[in-house]
Each structure stands twice: as structure tokens, then as C-alpha cells.
Amino acid sequence: MRRCYLLASVITVAACGRPATPAPPLGEGRLAVDGGRIWYKVSGTAGRTPVMLLHGGPGFSSYYLKPFEDLGDERIVVRYDQLGGGKSDTTSDTTLFTIPHFVRELDSLRSHLGIPKWHVLGHSWGTILAIEYYRAHPDRVASLTFGSPVFDIPAYERRAKSLVATLSSASQRAIRAAESSHNYDTPAYQNALNEFYGLYLFRHPVQADLDSSFAAFNQHIYVYMQGPSEFTITGTLKTYDVTAFLPQVRVPTLVTVGEFDETGPELVRQHTNLIPGARYELLSGSAHITPWDAREANLRVVRQFLRAVDSVAVK
């Protein structure tokens, strides 16, 4: 049986005998897309198939996904801030806050970097972008990793609202009052958010990382697409449901979720079972932002999965 051996100076070989693809330049860059410029960073060592990191939000930044850059000891790692968030140009143009826009934006970055095919790792809202990117460009995706996926927003919202009942009485009252009055700016409501976040969003954040992440957060995008909070969904994603498409996924797939994740391990397992051959991993002790709460376990699981996919691809 013939084998394709990967050299340190290339990204990947699509098949035996085909020319190698040069690696993109390392470092930070900016790319003009519809509506502005997006910031991106290429790191790592060329060799195995590159991996692209898609952050959550919407309106957040890729900063909290930095732990996955440790995968760069054996492959190129690309992370970027979607338009409007992080180090990318800010915008309040709601015509750009759509799934098709972000799919086009992502593929323009792939084309700009000269990467024919990559692993795609999405977290939270990034899993929506990942599955929709795969649906649009299946030939450009080597594998999918879904971290704390939200494939069915109505089901997720029911799960998140059930968690509100575990909060303090004061927080529950504040949430009811805010949802009744549509005034989400009161100190009591913000305190309720903080209580929820500390239980179901992140349990072990590094304060500096937490501050840096929220400093670059675009609340306008988040409210427009999501809503005022993780458990009050009023935005354009409110009825999003891609579960009917999940059985059509035909690439290796890893799904991870935190033990205390707002997305719900039970719900995530149900969705994993819809994807042919998908692997499900529960990350103990973690809430939603698993790269913080379960850094080493999360990295280990993703590393093993990507290695396994690559080993099959080059045989």
C-alpha cells in the first residue's frame, strides 16, 4: 500500500504524487471582506492538515480560543475575529449580521491563505458557522469539531431557561422583571447574569483572559442575533434549527460539551447521535467555555481526534 509522507515544509498532500501546498505566512494579518477588515492570526508548524478556530458569540472574539494554539506543535492553527468583534473592524450594519455573510467571510479567509482543505473547529455560535460552512463547502472540510454546539436554538433556550430556576430567588425575580418590562440594563439583571455565568458559562476563568475577552465584545451583534442574554433569545437566531441536516454530515466529527454546560450534555448527546459516526466527549467539571474550564482535557481530546483523521487521510 502506498503512503504519502508529509514534510515539515508543507501543509498537506491531497493524494500521493500531487504537489504540496505551501504554508501560509505565520503571524497576524488583516483581510478586506464585505463591510470592513477582519483580523486573523496564523501560528504553528506546517505538516498536518491545518485547523481553523471559530469563536462564539455572536460578537465575541477568538481570544478565549488561544489554548488551541498549542495544537500548533504539529499543524498550522488559524484563528480570527469575525467582522464586528475583537480586533476586526467594528460595524453596526445589521445587513452583515447573517449566517451567509459569515460563511462567505470564512471562505474568503481560506482562499486568501491558500488552504485547499482544513479541519474546522467551532465553539458555541461558532458551531452554527461551522455546520453552515460545511453545508456550503463540504469539499473544503477535512473534519468538524463542535464544542458546546447549539444546533437547535429553541431546544437550547428551553434548556437555558430551566437553569434559571437554579439561581437565587433575587436573580430569578430580576430576570422575570426584565423580561416583563424589556429593560435589561438594571443592576439586578446584570447581577443575575453574573450568577448564571459563574455556574454555566465559565467556572475557572483567568481574570485577565476574562477581562480581555469582554473588552472586545460587540454587544450590538450579540443582541441583534442572540438577544439580551444566554437564556433570553430574541434575536435573528431564535428559530434556528439545523438538526434535520445533521444525518447528512459525511466527514469525521467530534462533539464536546462541559459537564455543567448551559447547552446541556443530554441535548448535545442527542444531537451527536444524529451525526453518522460522530464521537461524543463530556468534559468533567467544565461549564460552557471548555477551553478555560477543561483546558488540558479539551486539548487532548481534540489533538487525538485530529491526529486520527489525518492518519486515515494519508494512508
Rounded distance [0.5 Å steps], [atom1] in [X] versus [atom2] in [Y]:
| X | Y | atom1 | atom2 | result |
| --- | --- | --- | --- | --- |
| Leu129 | Trp125 | CG | CH2 | 5.5 Å |
| Leu121 | Ser143 | CG | OG | 8.5 Å |
| Arg48 | Asp73 | CZ | CG | 9.0 Å |
| Leu109 | Trp39 | CG | CH2 | 11.0 Å |
| Phe102 | Gln82 | CZ | CD | 5.5 Å |
| Leu106 | Arg140 | CG | CZ | 10.5 Å |

Taking the six-membered ring for Trp, are Phe217 and Phe214 parallel (under 30°), tilted (30 to 60°) or perpendicular (over 60°)?
perpendicular
Check the orientation of His123 and His288. Use parallel for under 30°, tilted for 30 to 60°, and perpendicular for over 60°.
tilted
Verify the cluster assignment for [X] and [Y]: are they in a single hydrophobic cluster under the rule of side-chain heavy atoms below 4.5 Å apart?
| X | Y | answer |
| --- | --- | --- |
| Ile289 | Tyr63 | no |
| Phe97 | Ile99 | yes |
| Tyr240 | Leu267 | no |
| Phe68 | Val206 | no |

Do [X] and [Y] have side-chain atoms, one donor and one acceptor, less than 3.5 Å apart?
| X | Y | value |
| --- | --- | --- |
| Asn298 | Thr290 | yes |
| Ser284 | Glu259 | no |
| Asp211 | Gln207 | yes |
| Tyr200 | Asp261 | no |
| Ser171 | Ser168 | yes |

Would you say the side-chain atoms of [X] pair up with the backbone N or O of [Y], donor to acceptor, closer than 3.5 Å?
| X | Y | result |
| --- | --- | --- |
| Glu74 | Thr45 | no |
| Thr127 | Ser124 | yes |
| Asp241 | Asp152 | no |
| Asn273 | Ile275 | no |
| Asp81 | Lys87 | yes |
| Tyr197 | Glu230 | no |
| Ser43 | Lys41 | no |
| Ser180 | Arg176 | no |
| Glu262 | Ala160 | no |
| Tyr80 | His55 | no |

Restricting to non-hydrogen atoms, name the atom on [X] and the atom on [Y] that form the minimum distance, rounded to 0.1 Å.
| X | Y | answer |
| --- | --- | --- |
| Ala287 | Asp293 | N-OD2, 2.8 Å |
| Ser286 | Ala294 | CB-CB, 3.9 Å |
| Val309 | Pro252 | CG2-CB, 3.6 Å |

Begin from the C-alpha positions of His137 and Tyr133 and carry the test ring pair (Phe, Tyr, Trp, His ring centres under 6.0 Å) through to its verdict.
CA-CA 6 Å; His137 305 293; Tyr133 181 80; 5.3 Å; yes
Please lay out, stage by stage, how Tyr40 and His112 fare under the test ring pair (Phe, Tyr, Trp, His ring centres under 6.0 Å).
CA-CA 11 Å; Tyr40 66 86; His112 172 71; 5.7 Å; yes
Before you tell me yes or no, could you show the steps for Val268 and Phe151 under side chain to side chain contact (heavy atoms under 4.5 Å, CB included), namely the whole-Å CA-CA distance, both residues' side-chain angles and the distance that decides it to 0.1 Å?
CA-CA 9 Å; Val268 170; Phe151 296 135; over 6 Å; no
May I ask you to establish whether Arg203 and Phe260 are in a cation-pi arrangement, using a distance under 6.0 Å from NZ or CZ to the six-membered ring centre and at most 45° from the ring axis?
yes
Does NZ or CZ of Arg135 come closer than 6.0 Å to the centre of the six-membered ring of Phe245, within 45° of the ring's axis?
yes
Any side-chain heavy atom of [X] within less than 4.5 Å of one from [Y]?
| X | Y | value |
| --- | --- | --- |
| Leu113 | Leu31 | no |
| Val255 | Pro149 | yes |
| Phe231 | Leu163 | no |
| Leu96 | Thr94 | no |

Taking it one step at a time, do Ser229 and Tyr189 satisfy side-chain hydrogen bond (donor to acceptor under 3.5 Å, both in side chains)?
CA-CA 10 Å; Ser229 74; Tyr189 185 76; 3.1 Å; yes
Report the C-alpha distance between Ile76 and Val51 in whole Å, list the side-chain angles of each, state the deciding distance to 0.1 Å, and finish with yes or no for side chain to side chain contact (heavy atoms under 4.5 Å, CB included).
CA-CA 6 Å; Ile76 290 292; Val51 59; over 6 Å; no
Aromatic contact between Phe202 and Tyr64, with the criterion being ring centroids under 6.0 Å apart: yes or no?
no
Taking the six-membered ring for Trp and the full ring for Phe, Tyr or His, determine whether the centres of His119 and Phe305 are under 6.0 Å apart.
no
Check this for me, if you would: do Lys161 and Glu179 make a salt bridge, where the nitrogen-to-carboxylate-oxygen distance has to be below 4.0 angstrom?
yes
Pairs meeting criterion salt bridge (Lys or Arg N to Asp or Glu O under 4.0 Å) with involvement of residues 268-286, two or more places apart
Arg279-Glu281
Worked verdict on Asp310 versus Arg307 for salt bridge (Lys or Arg N to Asp or Glu O under 4.0 Å):
CA-CA 5 Å; Asp310 288 344; Arg307 282 179 178 174; over 6 Å; no
Passing candidate, salt bridge (Lys or Arg N to Asp or Glu O under 4.0 Å) with Asp70, options Arg303, Arg75, Arg295
Arg295
Please walk me through it: do Lys117 and Val141 pass side chain to side chain contact (heavy atoms under 4.5 Å, CB included)?
CA-CA 6 Å; Lys117 198 169 191 174; Val141 178; 5.8 Å; no
